[in-house]
*Asks:* 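I have a structure here, written as structure tokens, and I will follow up with some questions on it.
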Amino acid sequence: MCGRFSIIVEEEILKKRFGVIIPEQETLFPRFNAAPTQNLPVITNLNPSEIHLFRWGLIPFWAKDIKIGNKLINARGETLTEKPSFKNAYTNRRCLVLADGFYEWKRVGKNKIPMRITLKNEEPFAIAGLWENWKSPSGEFIKSFTVITTEPNELMSGIHNRMPVILPREIEKDWLDNSLTTNELNGFLQPFQSEKMKAFQVSSSINSPANDNPSVIFPIQNELKL
DNA sequence: CCAGACGTTGTT
DNA sequence: GTCTGG
DNA sequence: CCAGACGTTGTT
DNA sequence: GTCTGG
């Protein structure tokens, strides 16, 4: 699963890397510990040349309560076309979730060891996502997104049984291409190359979303205390 | 037909 | 145990 | 994902 | 809105 990630790199690097602009009304700042319900940077098929901040946790358009989004922070790639909450978004509203690392908790007996996973070159990458525009009962529109998951690759299988779908750079544009069918898109929902990724233990200060600071990204040497 | 769910993960 | 909030 | 609350009434 | 269960 993927319930926490980071997007720390400077705006200038992000703009160059994804070939986008950042509209004036969107204020980005480094996120070491991005968590559900927060507004986080995505690139959508609606505006593929702009970064916007959407709320993490997809709120289906029929929802009566914003809290429904709390449960929809991930979507299984294998069943997107079947699920009422996702199928329409899969066809029409896809997005790139911008990240430069993500976190998984490795279960060791009763303990949970937080691990940070990045690319070996530590560059930013795009996670496949879906988005929605929800009208709240008070008439306010809220744009939200979910992160698509898949089976773990070799590296991740030692940590967890799911991982986010990281899109290879060459198909990032295709993911936002409105002319592709779900059949073609299904082929993109694969585990990323293990050889290009690395994982290491980090401080359990990552556990609290309130700790959105550099302490949560540093590797920890000593293994499995307590 | 209407009512009620609509999701994932991990654990039991 | 389960839900909410971040 | 994890942390932290989980309740009501009335009053400040 | 759309699907599932009764």
Side-chain angles (χ1 to χ4, degrees), chain A residues 1-7 29-42 53-93 97 99-118 127-137 141-152 156-166 182 189 191 199-213 215-217 220 226:
Chain A
M1 201 211 193
C2 180
R4 222 66 82 73
F5 65 89
S6 68
I7 178 67
F29 52 96
R31 299 304 315 274
F32 300 90
N33 194 354
T37 72
Q38 297 173 348
N39 291 323
L40 300 164
V42 299
L53 296 177
F54 282 17
R55 181 186 169 102
W56 187 5
L58 187 135
I59 309 161
F61 71 99
W62 44 258
K64 293 189 178 67
D65 189 339
I66 194 172
K67 289 198 288 285
I68 290 176
N70 294 3
K71 297 173 183 171
L72 305 184
I73 66 170
N74 290 140
R76 291 179 66 89
E78 297 91 331
T79 54
L80 291 180
T81 55
E82 304 162 16
K83 300 294 182 182
S85 298
F86 300 136
K87 57 194 291 186
N88 202 252
Y90 187 31
T91 309
N92 300 308
R93 289 177 300 281
V97 181
D100 48 24
F102 64 95
Y103 304 94
E104 299 283 3
W105 281 257
K106 178 184 168 84
R107 282 168 184 276
V108 180
K110 287 178 190 165
N111 301 326
K112 292 181 181 179
I113 313 297
M115 306 288 292
R116 173 171 166 83
I117 299 96
T118 67
I127 300 172
L130 307 175
W131 64 278
E132 279 284 357
N133 193 13
W134 177 69
K135 188 180 182 182
S136 75
F141 281 92
I142 297 179
K143 289 172 174 171
S144 60
F145 72 93
T146 190
V147 163
I148 299 175
T149 64
T150 185
E151 297 186 327
M156 292 305 301
S157 64
I159 300 172
H160 203 64
N161 62 345
R162 302 291 294 172
M163 70 180 283
V165 173
I166 298 172
T182 51
L189 303 180
F200 47 89
Q201 185 180 346
V202 292
S203 163
S204 57
S205 61
I206 186 68
N207 291 6
S208 173
N211 297 325
D212 188 15
N213 61 64
S215 72
V216 303
I217 67 169
I220 284 182
L226 65 108

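To find a chain, count down the sequence lines: A is the first, B the second, and so on, and within it residues start at 1. Computed from heavy atoms alone, side chains included, the values below leave out hydrogens, waters and symmetry copies.
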*Asks:* Whole-Å distance between D:dC1 P and A:Ile113 CD1?
*Replies:* 16 Å
*Asks:* Taking A:Thr150 for its side chain and A:Val165 for its backbone only, find out whether a donor-acceptor pair lies under 3.5 Å.
*Replies:* no
*Asks:* Tell me whether A:Trp131 contacts the main-chain N or O of A:Phe54 through its side chain, where contact means a donor paired with an acceptor under 3.5 Å.
*Replies:* no
*Asks:* Donor-acceptor pairs are to be reported for all side-chain atoms of residues 81-91 of chain A against protein atoms at under 3.5 Å, with residues two or more places apart or in another chain.
*Replies:*
| from | atom 1 | to | atom 2 | distance (Å) |
| --- | --- | --- | --- | --- |
| A:Asn88 | OD1 | A:Arg93 | NH2 | 3.2 |
| A:Tyr90 | OH | A:Asn186 | N | 3.2 |
| A:Tyr90 | OH | A:Asn186 | OD1 | 2.7 |
| A:Thr91 | OG1 | A:Lys87 | O | 3.1 |

*Asks:* May I have the distance from A:Lys106 (atom NZ) to D:dC1 (atom P), rounded to whole angstrom?
*Replies:* 16 Å
*Asks:* Each nucleotide N or O in nucleotides 2-6 of chain B that has a protein N or O under 3.5 Å away: list the pair and distance.
*Replies:*
| from | atom 1 | to | atom 2 | distance (Å) |
| --- | --- | --- | --- | --- |
| B:dC6 | O3' | A:Ser85 | OG | 2.9 |

*Asks:* Looking only at atom types and distance, does a side-chain atom of A:Ser6 sit under 3.5 Å from a main-chain N or O of A:Arg31, one as donor and one as acceptor?
*Replies:* no
*Asks:* How far does the P atom of B:dG7 sit from the matching atom of E:dG5, given to the nearest Å?
*Replies:* 12 Å
*Asks:* How does protein contact run along nucleotides 1-6 of chain C, one letter per nucleotide 5' to 3', with B for base contact, S for sugar-phosphate only, - for none, heavy atoms under 4.0 Å?
*Replies:* ---SBB
*Asks:* Between A:Arg76 and B:dT9, is there a contact of a side-chain N or O with OP1 or OP2 at under 4.0 Å?
*Replies:* yes
*Asks:* Starting at atom CH2 of A:Trp56, determine the distance to atom C1' of B:dT8, rounded to an integer number of angstrom.
*Replies:* 12 Å
*Asks:* Please measure how far the P atom in B:dT8 lies from the corresponding atom in E:dG1, and state the result in whole Å.
*Replies:* 23 Å
*Asks:* Under a 4.5 Å cut-off applied to non-hydrogen side-chain atoms, are A:Ser204 and A:Lys112 in contact?
*Replies:* no
*Asks:* Tell me every residue that passes ring pair (Phe, Tyr, Trp, His ring centres under 6.0 Å) with A:Phe5, counting only those two or more places apart in sequence or in another chain.
*Replies:* A:Trp56
*Asks:* Could you check how far CD of A:Glu151 sits from P of B:dT8, rounded to whole Å?
*Replies:* 15 Å
*Asks:* Checking side-chain contact (heavy atoms from CB on, under 4.5 Å) between A:Glu151 and each of A:Glu78, A:Met163, A:Arg76, which is the one that passes?
*Replies:* A:Glu78
*Asks:* Provide, to the nearest angstrom, the distance between the CG atom belonging to A:Asn111 and the P atom belonging to B:dG10.
*Replies:* 17 Å
*Asks:* Determine the Euclidean distance between corresponding C1' atoms of B:dA5 and C:dG6; express it in Å to zero decimal places.
*Replies:* 26 Å
*Asks:* How far does CD1 of A:Ile142 sit from CD1 of A:Ile66, to the nearest 0.5 angstrom?
*Replies:* 3.5 Å
*Asks:* Give one of base, sugar-phosphate or nothing for A:Phe86, where a contact means two heavy atoms less than 4.0 Å apart.
*Replies:* sugar-phosphate
*Asks:* Taking A:Asn211 for the side chain and A:Ser205 for the main chain, is one N or O donor matched with an acceptor at less than 3.5 Å?
*Replies:* yes
*Asks:* Who are the salt bridge (charged side-chain N to carboxylate O under 4.0 Å, His left out) partners of A:Arg55, not counting sequence neighbours?
*Replies:* none
*Asks:* What is the nucleic acid contact for A:Thr79, judged by heavy atoms within less than 4.0 Å: base, sugar-phosphate only, or nothing?
*Replies:* sugar-phosphate
*Asks:* Show me, range against range, the stems involving DNA chain B, built from at least 3 consecutive Watson-Crick or G-U pairs below 3.5 Å.
*Replies:* B:1-6 with E:1-6
*Asks:* Please find the pair of heavy atoms, one from A:Gly77 and one from A:Leu189, that lie closest to each other, and give the distance.
*Replies:* O-CD1, 3.8 Å
*Asks:* Using atom C1' in both nucleotides, what's the gap between D:dT11 and B:dC2 to the nearest angstrom?
*Replies:* 46 Å
*Asks:* Measure from CG on A:Leu130 to C1' on B:dT8 and round the result to the nearest Å.
*Replies:* 14 Å
*Asks:* If we ignore hydrogens and angles and just use 3.5 Å, is the side chain of A:Arg4 paired with the main-chain N or O of A:Ile206 as donor and acceptor?
*Replies:* yes
